[in-house]
Student: 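To start, I am sharing the structure in question, which I have written as structure tokens.
Hydrogens, waters and symmetry mates are skipped; everything else that's a heavy atom, side chains included, is used. A note on names: the letters A, B, ... follow the listed sequences, proteins ahead of strands, and every chain is numbered from 1.
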Amino acid sequence: MAKQADIMELSKRRGFFFGSNEVYGGVAGFYTFGPQGAALKRNVESAWRDQFTVRLGNDEIEAPTIMPEAVFEASGHLEGFDDMLVECAECGQSHRADHLIEDNVAGIEDAEALGLEAVGELIAEHELECPACSASLAGEPVEDFNLMFETSIGPGTGQPGYMRPETAQGIFVEFPRLREYARGQLPFGVTQIGPAYRNEISPRRGIIRVREFTQAELEQFIDPEEDEPPLATVEDVSVTLYPVPEQESENGEYIETTIGAAVEAGTIASPWVAYFLGIAQEWYERVGVDMDRFRFRQHLPGERAHYASDCWDAEAEISGNWIEIAGFAYRGDYDLSKHGKYSDERFTVFKRYDEPQTVEKAVVDPDMSALGPKFGGAAAQIADELTALAERDPSAFDAETVSVEVDGERYTVESDIANFSVEEQTESGEHITPHVVEPSFGVGRTVYTLLEHAYSEDEVDGEERTYLSLAPEVAPTDVAVFPLVKEDSLLGLSSDILRELRSSGLSVTYDESGSIGRRYRRQDEIGTAFCVTVDRDGIEGDEPNTVTVRERDTAAQVRVPASELNTELSALLRSEDSRSFDDLIEAYTVVETGVSTE
RNA sequence: GCACCGGUGGUCUAGUGGUAGGACCUGAGCCUUCCAAGCUCAUGGCCCGGGUUCAAAUCCCGGCCGGUGCACCA
């Protein structure tokens, strides 16, 4: 089993990832993906795009990573992402200052709203103590810590902007245009793959908790009353679930079930969430996560975000710990409602009734030429209030006069000036705020998981070897081409093959240095699934113009005509073709190398 | 952010108050016709700053980075 140190060492040495800016001492929480890592990550993103964008018929966008303050006022990140910390001088522990106040001072429920100074004064005033060591916290500075990176947009003081802490907001704020693009029809889904930023207090464990990371998110917009997910497409998908009751029970166990059965049993409350768990399960299998070290865990009530009614995480076991690699949240109308409220735009869709409905509606059409001279500047507001009153209490207009209140002042208007009437109106539909179901993936964590789950050691021909058993689709290098020895005839065919494979879009490496075994080991270590070796038998032997293809995990080889090579390799590397190396063993001559893995 | 431990070629490491060795890797050559073989040669290093000292990679202090624990993770 791979240890974290093994992966770190391999990653640095073979160019998967390493700490950034090391020549200047480095900065915690930032990593650079090297050539192999960037390719692996790119392949993971492509596979995700195929599964969650293309196959589901969704659309992908690319929004800015810097967004203005207003976005995060609406989203709640400015407040919710902002922690007030106070540090104990005695024992050094940090505590949430606002929570201390709320827990210990009667009558204060939202200490965060009071501001830093007021909270500091309250701590001194009530002589609050450190919960850990009971030392007095009076006089300790209360400091703001916001997990968002702040910047300023434009010259001078500019206007405040923030690096997005999740890609989701870039989709939500563009909802009005995306709705137009979708021609106003629910359901529709919008995806985005890109970086997000969180100024973590303490980045840890290499690439697992970093300050800049890549998310792949889908925001599925649905009509909560009408839209059903196509559950039938995933109902037979097997999953390992770890629901709340099992987590809370003494000997909690995983539930091995199918998506269909889990919905039936109510284990997963939301069919939409269940649907995406099924889609995700298929995807994780496809890219090569070890399903024995994978589970879907339901959020405990306490860890659930305030907007999410049900939430599940995809978790992978890494170096003995479970880490979150994706989250699936039913966000309701939280995000769109908030942006609808904070902006002047409408974040709703028009939902047409099956049949137009005729409703009786009380309306007013105030005579502004009478209201204006009489009430001056208040006239417009009075008219608005009359309109509101008509909807609220039509009977108020039965009397001679009707009165409304504007800014605390009461105005009395003759009823006939209001032009009250009850009209029959035909309504063809209503504006509803779509609900959002959000599968949100951590790409970097997925990449790390794949590395650790793929990391393998065995013996080939009595020699120890390390190899990455990556799924061919995501392996950073597709194929390696070797001339068995440096001999003109072999070099010629090798370079022909190299050129052909590369021009068909494969990522191909070429290596003619050192012994063949060393070259195989180099590729094994970065997870290259197939090595093509040009030998003399393939040029002048019984089967001329053939080359050998070696499979990484088994070290088995088959002899394939050079003319078939491109087609066969392409088929092996594409997930949608179910061609496997076993099919090649069936179809071609197996090379007896006398070499085997054990 | 606090505490503990650590930081020596690309990687893994030995080591001492007098500026450093090994292994692997990498490159060149020889040899080699299928799994890290051998031989020759070569490239490449003491995290940064300050202090103590005739002299610091080594001792001290601070910083940065990493690992672990605590806290944090909307």
Side-chain angles (χ1 to χ4, degrees), chain A residues 3-6 8-15 18-30 34 72 75-83 85-96 99 112 130-133 143 145-148 165-166 198-206 208-209 211 303-308 319 323-324 327 329 459-467 482-487 489-490 513-525 531-541 547-548 550 552 555-557 559 591-597:
Chain A
K3 293 188 293 284
Q4 195 178 334
D6 297 327
M8 297 294 185
E9 191 271 329
L10 179 68
S11 292
K12 275 189 281 191
R13 195 160 44 78
R14 301 313 300 266
F18 40 82
S20 295
N21 307 297
E22 280 180 330
V23 298
Y24 290 112
V27 195
F30 294 92
F72 302 110
S75 72
H77 284 96
L78 264 184
E79 198 184 334
F81 240 50
D82 210 356
D83 290 341
L85 297 181
V86 61
E87 190 184 319
C88 173
E90 203 66 36
C91 70
Q93 286 204 10
S94 285
H95 305 281
R96 289 284 295 268
H99 290 178
E112 198 158 20
C130 171
C133 72
E143 291 181 340
F145 190 80
N146 193 298
L147 277 309
M148 284 195 294
E166 58 176 11
R198 295 180 191 180
N199 200 2
E200 294 288 349
I201 295 172
S202 164
R204 277 295 161 82
R205 305 184 59 200
I208 297 302
R209 187 195 288 173
R211 293 186 164 126
E303 64 184 316
R304 212 152 57 202
H306 49 288
Y307 50 72
S319 307
I323 61 158
E324 175 191 352
E459 280 189 9
V460 174
D461 223 18
E463 296 279 353
E464 281 182 22
R465 104 178 146 144
T466 298
Y467 64 104
F482 309 141
L484 188 55
V485 289
K486 285 187 204 172
E487 199 172 276
S489 59
L490 305 188
S513 81
S515 76
I516 191 67
R518 180 184 299 272
R519 284 178 272 166
Y520 285 142
R521 292 306 201 284
R522 281 191 190 120
Q523 296 308 314
D524 289 341
E525 209 176 30
C531 291
V532 172
T533 305
V534 179
D535 63 354
R536 196 188 288 158
D537 287 348
I539 293 198
E540 54 198 31
V547 297
T548 64
R550 169 189 182 268
R552 176 196 58 213
Q557 287 182 304
R559 186 168 290 283
V591 180
E592 297 300 336
T593 58
V595 170
S596 62
T597 57

Student: Using the P atom as the reference point in each nucleotide, state the distance between rU40(B) and rC25(B) in Å, no decimals.
Tutor: 15 Å

Student: Taking pairing as Watson-Crick or G-U wobble with both contacts under 3.5 Å, can you name the mate of rA3(B), or confirm there isn't one?
Tutor: rU68(B)

Student: Taking the side chain from R519(A) and the backbone from L484(A), do they hold a donor-acceptor pair closer than 3.5 Å?
Tutor: yes

Student: Does a distance-only test, which skips hydrogens and angles, find a donor-acceptor pair under 3.5 Å between the side chain of Q557(A) and the base of rC34(B)?
Tutor: yes

Student: Could you give the CZ-to-C1' distance, from R198(A) to rC73(B), as a whole number of Å?
Tutor: 8 Å

Student: Compare all side-chain heavy atoms of R522(A) with those of R14(A) and state whether any distance is below 4.5 angstrom.
Tutor: yes

Student: When both hydrogen-bonding distances must be under 3.5 Å and the geometry is Watson-Crick or G-U wobble, what is rG21(B) paired with, if anything?
Tutor: rU13(B)

Student: Under a 3.5 Å limit for both distances, which nucleotide forms a Watson-Crick or G-U wobble pair with rC73(B), could you say?
Tutor: none

Student: Pick the P atom in rC59(B) and in rG6(B), then give their distance to the nearest Å.
Tutor: 10 Å

Student: In Å and rounded to the nearest 0.5 Å, what is the OG1 to CG distance from T466(A) to L10(A)?
Tutor: 8.0 Å

Student: Could you pull out the protein-nucleic contacts involving nucleotides 42-46 of chain B (nitrogen or oxygen on both sides, under 3.5 Å)?
Tutor:
none

Student: If you take all heavy atoms of G34(A) and F18(A), which pair is closest and at what distance?
Tutor: CA-CE2, 3.9 Å

Student: From the set rC35(B), rC72(B), rU26(B), return the single nucleotide nearest to any side-chain atom of R522(A).
Tutor: rU26(B)

Student: Do you know which two heavy atoms are closest between T548(A) and D535(A), and how far apart they sit?
Tutor: CG2-OD2, 4.3 Å

Student: Distance check needed: rC12(B) P versus K3(A) NZ, whole Å only.
Tutor: 14 Å

Student: Taking rA57(B) as the reference, what is the distance to rA74(B) when you measure between their C1' atoms (whole Å, please)?
Tutor: 46 Å

Student: Considering only the C1' atoms, how many Å lie between rG15(B) and rG22(B), rounded to the nearest integer?
Tutor: 11 Å

Student: Measuring to OP1 and OP2 of rU26(B), would you say a side-chain N or O of R518(A) lies under 4.0 angstrom away?
Tutor: yes

Student: Nearest heavy-atom pair of G206(A) and Q4(A): which atoms, and what distance?
Tutor: N-NE2, 4.4 Å

Student: Using side-chain contact (heavy atoms from CB on, under 4.5 Å) as the criterion, list what pairs up with A5(A), not counting sequence neighbours.
Tutor: none

Student: Could you tell me whether E463(A) and R521(A) make a salt bridge, using a distance below 4.0 angstrom between a side-chain N and a carboxylate O?
Tutor: no

Student: On RNA chain B, compare the nucleotides closest to L490(A) and E9(A); which residue's is nearer the 5' end?
Tutor: E9(A)

Student: Applying a 3.5 Å limit to both distances, which nucleotide forms a Watson-Crick or G-U wobble pair with rC59(B)?
Tutor: rG51(B)

Student: Side chain of I516(A) only, please: which of rG27(B), rC34(B), rU32(B) is the nearest?
Tutor: rC34(B)

Student: Quick one: is the NZ or CZ of R552(A) closer than 6.0 Å to the six-membered ring centre of Y467(A), and within 45° of its axis?
Tutor: no

Student: Using atom CG of L10(A) as one end and atom C1' of rC12(B) as the other, report the distance to the nearest whole Å.
Tutor: 13 Å

Student: Dump every N/O contact between nucleotides 64-69 of chain B and the protein below 3.5 Å, one line per pair.
Tutor:
from    : atom 1 : to      : atom 2 : distance (Å)
rC64(B) : O2'    : G25(A)  : O      : 3.0
rC65(B) : OP1    : A28(A)  : N      : 3.0
rC65(B) : O4'    : G25(A)  : O      : 3.3
rG67(B) : OP1    : R205(A) : N      : 3.3
rG67(B) : OP1    : G206(A) : N      : 2.7
rU68(B) : OP1    : Q4(A)   : OE1    : 3.4
rU68(B) : O4     : R204(A) : NH2    : 2.8
rG69(B) : O6     : R204(A) : NH2    : 2.7

Student: If you round to the nearest 0.5 Å, how far is NZ of K3(A) from CE of M8(A)?
Tutor: 13.5 Å

Student: D524(A) has an atom CG; how far is it from atom C1' of rC34(B), in whole Å?
Tutor: 13 Å

Student: Any protein N or O atoms within reach of nucleotides 6-10 of chain B? Criterion: under 3.5 Å, listing atom names and distances.
Tutor:
none

Student: Tell whether R550(A) reaches the base of rC34(B) with its side chain through a donor-acceptor pair below 3.5 angstrom.
Tutor: no

Student: Rounded to whole angstrom units, what separation is found between the CD1 atom of I201(A) and the P atom of rA71(B)?
Tutor: 12 Å

Student: P atom, rU26(B) versus rC12(B): distance in rounded Å?
Tutor: 16 Å

Student: For E324(A), answer base if it contacts any base atom (sugar-phosphate contacts may also be present), sugar-phosphate if it contacts only those atoms, and nothing otherwise; contact means non-hydrogen atoms under 4.0 Å.
Tutor: nothing

Student: Please measure how far the P atom in rU11(B) lies from the corresponding atom in rC72(B), and state the result in whole Å.
Tutor: 35 Å

Student: What is the distance, rounded to the nearest whole Å, between atom CD of E464(A) and atom P of rC35(B)?
Tutor: 18 Å

Student: Taking the same atom, P, in rU8(B) and in rC47(B), what whole-Å distance lies between them?
Tutor: 6 Å

Student: When both hydrogen-bonding distances must be under 3.5 Å and the geometry is Watson-Crick or G-U wobble, what is rU26(B) paired with, if anything?
Tutor: rA42(B)

Student: In chain order, what residues pass the salt bridge (Lys or Arg N to Asp or Glu O under 4.0 Å) check against R465(A), with sequence neighbours excluded?
Tutor: D458(A), D524(A)

Student: Quick check for you: to the nearest 0.5 Å, what is the distance between E487(A) atom CD and I539(A) atom CD1?
Tutor: 8.0 Å

Student: Tabulated below should be each protein N or O lying under 3.5 Å from an N or O of nucleotides 49-51 of chain B; please produce it.
Tutor:
none

Student: Using only heavy-atom distances, decide whether a donor-acceptor pair under 3.5 angstrom links the side-chain of S515(A) to the base of rC34(B).
Tutor: no

Student: Return the value, rounded to whole Å, for the distance between atom CD of E487(A) and atom P of rC31(B).
Tutor: 13 Å

Student: Atom CD of E166(A) and atom P of rC73(B): how far apart are they, to the nearest Å?
Tutor: 16 Å

Student: In whole Å, measure the gap between the P atoms of rU19(B) and rC30(B) for me.
Tutor: 40 Å

Student: Using every non-hydrogen atom in the two residues, find where R211(A) and E200(A) come nearest and quote the distance to one decimal.
Tutor: NH2-O, 2.7 Å

Student: Assess the residue pair R13(A) and E525(A) against the criterion (side chain to side chain contact (heavy atoms under 4.5 Å, CB included)); give the C-alpha distance rounded to whole Å, side-chain angles, the decisive distance to 0.1 Å, and a yes or no.
Tutor: CA-CA 10 Å; R13(A) 195 160 44 78; E525(A) 209 176 30; 2.9 Å; yes

